[in-house]
Amino acid sequence: MNERFDPAQADTRWQAAWDEAQCFKADDGSAKPRSYVLEMFPYPSGRIHIGHVRNYTMGDVLARYKRMKGFEVLHPMGWDAFGMPAENAAMEKGVHPGGWTRDNIANMKAQLKRLGFALDWSRELATCEPEYYGQEQSLFLDLYEHGLVYRKESAVNWDPVDQTVLANEQVIDGRGWRSGALVEKRKLSQWFLKITDFADELLEGLSTLDKWPEKVRTMQENWIGKSTGLQFHFKPANFDSQIEVYSTRPDTIFGASFVAVAAEHPVAQQVAATSAEAQAFIEECKRGGTTAAELETAEKLGFDTGFRVVHPFTGAELPVYIANFVLMEYGTGAVMAVPGHDQRDFEFATKYDLPILRVVAASADDADKPFEGEAEAGDGICVHSDFLNGMSVAEAKATVIARAENEGWGEGKTVWRLRDWGVSRQRYWGTPIPFIHCEVCGVVPVPKKQLPVTLPEDVDFSTPGNPLARHATWKHVDCPQCGKPARRETDTLDTFVDSSWYFLRFASQPDDRPFDPAQIAQWLPVEQYIGGIEHAILHLLYARFWTRALARIGKIEVKEPFGSLFTQGMVTHEVYSRKEDGREIYFGPSEIERTADGATLKEDGQPVTVGKVIKMSKSKKNVVDPDEIVATYGADAIRWFMLSDSPPERDLPWSEAGIEGCARFVQRLWRLFAQHDVAVEGEDKAVDRKVHQTVAAVAEDIESLGFNKAVARIYELTGVIEKAQPSASRSAAIRKLLLLVSPMMPHLAEEAYAEFGEGLIANAAWPQVDPALLVEDEVTIAVQVKGKLRDTLTVAKGTAKEELEALALASEKVQRALDGAQVRKVIVVPDRLVNLVA
RNA sequence: GCGGGCGUGGCGGAAUGGUAGACGCCGGGGACUUAAAAUCCCCUGAGCUUUGCUCGUGCGGGUUCGAGUCCCGCCGCCCGCACCA
């Protein structure tokens, strides 16, 4: 064996060996239990970044471990390959989006290979290839047939310069993020997926996802936003249309002192038609910003329409205001305002001097308690509320709803925040929506046998707008129904559709259909899904919806795609900067010489400011390139770093010192493995025990994704073996240690394992644990006096209580601490501690 | 405002209610060497009157023989959502 482990030559050699042996190819026909380990597939931006390395290393350790434990493991990789950056590159550099994307995929695949991930590359897929998106079109048509896809007019953000629809995230301060042009609201016919049909299911389903982070479940719950209440109408007193309102607090109906409608509400429009003042007010409302900060500070503003409505119980006339805090998109766009028990209404009423009535109080005695500058939204009992008096909030809600339904002026209703999913994008680089517009037949689905509808290659990005729409020939087709000339749909699908079913295609990818349900049933749900928290809502909700939709139309059985979800933390790095001419200039880690108490710029030797440890970003230059790290330290060192120290859900601070420490440990293990000697004899019980305990503990740690703890235990075991005298036990321990680290440092492990001549360690089994060796025969007992540690005793495991007590009392240190005091009580926890209470 | 999470040495972090600080990093000292690298050994929470003692897990209370851990009340930080009626 060489003195040093040389990753530069070993890494590629073993990567080739795994490929050759097809170690990680999942066998659909296997009799073994299945385990599907999946990390969120990357967007092919061109380079792997360190966050990918962390994500994929975690998944890789789990996948390799599961294989060792005898599972048939599916651990695939693919590319979320459609999207805007490819079109931007096309516009900026004149390259074709397809060529750009495929080059990036080739680069990134090579990078992933250099990291030694145990992936089944035979199932690799890219969403931009017709073999994938054609099947997606077919699924889209299936959903259409079942009424889960529809078209409707909808307001969108329209960039008049780029001539395209922008996502909300692409509108910055009312302007297009690329063009800088003022964004217009336009009404366009858009394709929608009926996710709202699944609102209840998606919400209910969350409670079955007990292996998902609480945080993600809560975020989805809030996003779906279920609320129950009463929808009812107010009769007009001095005009001619009813006002429909929705309230989650019908119990407070006797506290209503006005009605507020949104600026876009028909009643507001009606008033504006005859009042310039009202019109001006409505315009002002529309101008108001919608950012969080603006909303927080925005003053409640209103316009009295002069209209009055009649309270359904008291018959009192309530004024109708147009108010800037009422949203047209939620509920009915109009609210019953109860200032005493809603903070917004309270502020509004205070400003416009409207009555603030108390209708809920802690008790009947508090019925006339004044408000202390804010609304009381909490629970209590009803007061000043006629037939509701004395009821709890819950009782009163039910009572009012029942009465409204009886009397026919309202009904109990569930309202959702969730909107249907608009999937139309006026872009080239996406899945063409498989429909044809015919003047005679209307919107006609493309017959399945004509799929895939492929993207044309010859497209022009020199002018703004959708290249598909202005392509000379592509959109001109004959209607599949009547045969007359017709027009192809030129919108493409939101890329979130592509990522909503890729995990199914990984499990099964026949040529002639999206997947084989029997294969899906074998692999799904994904046992462990790992990715970033940034996908907590959109991707994870869409994927859940898509899975349920396919289940509903009978394509698959599984309802939830991801059994266990893990969201990993970011990789962070300190920021180096210097102020020059009043501007902050940033420097990358490679330009910096880091010392114990500061940092200097290599170029001029002058100090730079060491800033906060934050997420790696190009603008702050605090980025490290995984490829360079692999080239310098080897794949195993960077993999080990990704697993060390920080718990995987928290941020991981990158440091030069840290990666060097990891590289040192790789060599330290190498030297230890070289000491494996089959000729030595003799038993070392302590080493045996330590190894078995570590094997058991590391297995538990990996299964719970506690990689940092597994790493610590491996360090500990390494230290113990190093210090032990040569023995058969020690040699056996070295061999087991090798197996333990093999999921984490597979290259080093293969190189060392080769000495045994037993084939690849990638195919080896996880070491067996002897339960008898998990327990120590000697234990250290803590001896406390009045709860304070005074001494420790080393005794045989299982020593009797009485004996422990006697031994404790015999201790000189204990006697000194007691200082002659009488022991009144003795607590003995066998094999743990003795506490003497004086 | 609502929801979720976090708070332990110089740093990342360990600790089924039972010896706080495992393990790693940084730092200090030493060995080996002509020298360096590499490697190995020792020290490394604070304080003190240093065989040992006192204090110490954001702050204040409580439960307990015993609390980083459980309960109550605060403070601070991070993340997500948000005029959702």
Can you give me the N/O atom pairs linking the protein to nucleotides 63-68 of chain B at distances under 3.5 Å, or say none if there are none?
from: B:C65; atom 1: O2'; to: A:Asn835; atom 2: ND2; distance (Å): 3.3
from: B:C65; atom 1: O2; to: A:Asn835; atom 2: ND2; distance (Å): 2.5

Using the [atom1] atom as the reference point in each nucleotide, state the distance between [N] and [M] in Å, no decimals.
| N | M | atom1 | value |
| --- | --- | --- | --- |
| B:C84 | B:C71 | C1' | 35 Å |
| B:U63 | B:U44 | C1' | 37 Å |
| B:U49 | B:C42 | C1' | 27 Å |
| B:G21 | B:A14 | P | 15 Å |
| B:C23 | B:U64 | C1' | 31 Å |
| B:G73 | B:G3 | P | 14 Å |
| B:C26 | B:G13 | C1' | 14 Å |
| B:G24 | B:G68 | P | 25 Å |

If you measure only the distance, is there a donor-acceptor pair under 3.5 Å linking the side chains of A:Arg650 and A:Gln568? no
Has [X] got a side-chain atom pairing as donor or acceptor with [Y]'s backbone, closer than 3.5 angstrom?
| X | Y | result |
| --- | --- | --- |
| A:Asp636 | A:Leu748 | yes |
| A:Gln220 | A:Ala536 | yes |
| A:Thr252 | A:Gly255 | no |
| A:Arg671 | A:Arg4 | no |

I need the [atom1]-[atom2] distance between [X] and [N], as an integer number of Å.
| X | N | atom1 | atom2 | answer |
| --- | --- | --- | --- | --- |
| A:Asp791 | B:C53 | CG | C1' | 15 Å |
| A:Leu418 | B:C84 | CG | C1' | 13 Å |
| A:Glu812 | B:C53 | CD | C1' | 15 Å |
| A:Arg249 | B:C84 | CZ | P | 14 Å |
| A:Met642 | B:G24 | CE | P | 19 Å |
| A:Leu804 | B:U19 | CG | C1' | 15 Å |
| A:Phe325 | B:A82 | CZ | C1' | 15 Å |
| A:Asp251 | B:A85 | CG | P | 13 Å |

How about A:Trp640 and A:Tyr715: are their ring centres within less than 6.0 Å of each other?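 Ring-ring flag for A:Trp640/A:Tyr715: true, centres closer than 6.0 Å.
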Would you check if the distance from the ring center of A:Trp212 to the ring center of A:Phe566 is below 6.0 Å? no
For the residue pair A:Phe313 and A:Trp409, categorise the inter-ring angle as parallel (less than 30°), tilted (30 to 60°) or perpendicular (more than 60°). perpendicular
Over 60° means perpendicular and under 30° means parallel, so tell me whether A:His535 and A:His539 are parallel, tilted or perpendicular. perpendicular
Salt bridge A:Arg419-A:Glu329, side-chain N to carboxylate O under 4.0 Å: no
For [N], does either OP1 or OP2 sit under 4.0 Å from a side-chain N or O belonging to [X]?
| X | N | result |
| --- | --- | --- |
| A:Tyr330 | B:A85 | yes |
| A:Arg790 | B:C53 | yes |
| A:Arg344 | B:C84 | yes |
| A:Lys788 | B:U19 | no |

Quick one: side-chain contact (heavy atoms from CB on, under 4.5 Å) partners of A:Lys797, sequence neighbours excluded?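 In terms of side-chain contact (heavy atoms from CB on, under 4.5 Å), with neighbours along the sequence ignored, A:Lys797 is linked to A:Val775, A:Val779, A:Asp831.
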Using the test side-chain contact (heavy atoms from CB on, under 4.5 Å), find all partners of A:Ser811 that sit at least two apart in sequence or belong to another chain.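 Result, side-chain contact (heavy atoms from CB on, under 4.5 Å) vs A:Ser811: A:Asp791, A:Lys813, A:Val814.
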Determine whether any donor atom in the side chain of A:Lys300 lies under 3.5 Å from an acceptor atom in the base of B:C83, or the reverse, and answer yes or no.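 Flag set: donor-acceptor pair detected.
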Any idea which of B:G18, B:A20, B:A15 is nearest the A:Leu789 side chain?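 The listed nucleotide nearest to A:Leu789's side chain is B:A20.
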Looking for any heavy atom pair under 4.0 Å, which part of the strands does [X] touch: base, sugar-phosphate only, or nothing?
| X | result |
| --- | --- |
| A:Val326 | base |
| A:Tyr246 | base |
| A:Thr332 | nothing |

So what stems show up for RNA chain B if we need 3 or more Watson-Crick or G-U pairs in a row, all under 3.5 Å? B:1-7 with B:75-81, B:10-12 with B:23-25, B:27-31 with B:39-43, B:45-48 with B:52-55, B:58-62 with B:70-74
With A:Phe258, which of A:Tyr352, A:Phe348, A:Phe234 fulfils ring pair (Phe, Tyr, Trp, His ring centres under 6.0 Å)? A:Phe348
Base orientation of B:G9, syn vs anti, 90° cut from 0: syn
Once each nucleotide of nucleotides 3-13 of chain B is scored for protein heavy atoms under 4.0 Å, what B/S/- sequence comes out, 5' to 3'? SS-------BS
What string of B, S and - do you get for nucleotides 37-52 of chain B, 5' to 3', if B is base contact, S is sugar-phosphate-only contact and - is no contact with any protein heavy atom under 4.0 Å? --SS-----------S
Mark yes when over 12 heavy atoms from residues, nucleotides or ligands other than A:Glu649 sit less than 6.0 Å from its CD; otherwise mark no.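 Above 12, so yes.
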5' precedence on RNA chain B between A:Ala712 and A:Gly658 (nearest-nucleotide basis): A:Ala712
Point-to-point distance, once rounded to the nearest 0.5 Å, from CH2 of A:Trp670 to CD of A:Gln675: 13.0 Å
Could you give me the CA-CA distance, side-chain angles and deciding distance for A:Tyr330 and A:Ser227, then say whether side-chain hydrogen bond (donor to acceptor under 3.5 Å, both in side chains) is met? CA-CA 11 Å; A:Tyr330 188 80; A:Ser227 78; 3.1 Å; yes
